[in-house]
Q: 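Sharing a structure here in structure tokens format.
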Amino acid sequence: MAMSTSNKEDVIKSAREMMHRNRDNGYILEALQDKYGTEFSDDELKKFIAEASK
């Protein structure tokens with residue numbers, strides 16, 4: 001994983017907030033890519049979305 005200023009918990013928190021507003025996973029992934037895409041890969045972001053939905 002790349003060194004980052006954001007951590008996994010920040011990403012999961014963002015995903016949960018969007019889920020609470022009834023956003024779909026495609027929208028959530030795009031939003032997380034915009035915000036954290038330089039720090040985390042798409043695969044990592046997808047894993048975080050899955051974890052946030054638990």
Q: Please answer whether the main-chain N or O of Asn7 pairs with a side-chain N or O of Asp10 as donor and acceptor at a distance below 3.5 Å.
A: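 Checked: pair present.
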
Q: Assess whether a salt bridge exists between Lys8 and Glu51, defined as any Lys/Arg side-chain N lying under 4.0 Å from an Asp/Glu carboxylate O.
A: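 Salt bridge: yes.
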
Q: Do the side chains of Glu39 and Val11 get nearer than 4.5 Å, heavy atoms only?
A: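 A side-chain contact is absent here, since even the closest heavy-atom pair is not under 4.5 Å.
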
Q: Apply side-chain contact (heavy atoms from CB on, under 4.5 Å) to Gln33 and list each qualifying residue two or more places apart in sequence or on a separate chain.
A: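 Per chain and number, Gln33 pairs via side-chain contact (heavy atoms from CB on, under 4.5 Å) with Leu29, Glu30, Asp42, Leu45.
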
Q: Do Leu32 and Met18 come within less than 4.5 Å of each other through their side chains, counting heavy atoms only?
A: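 They are in contact (side-chain heavy atoms under 4.5 Å apart), so the answer is yes.
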
Q: What is the minimum heavy-atom distance between Met19 and Ile49, and which atoms define it?
A: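 What the structure gives for the nearest pair is CE-O, 3.3 Å.
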
Q: Just grab all the side chain to side chain donor-acceptor pair (under 3.5 Å) pairs involving residues 12-21, residues at least two apart or on different chains.
A: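 Matches after skipping sequence neighbours: Ser14-Tyr36.
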
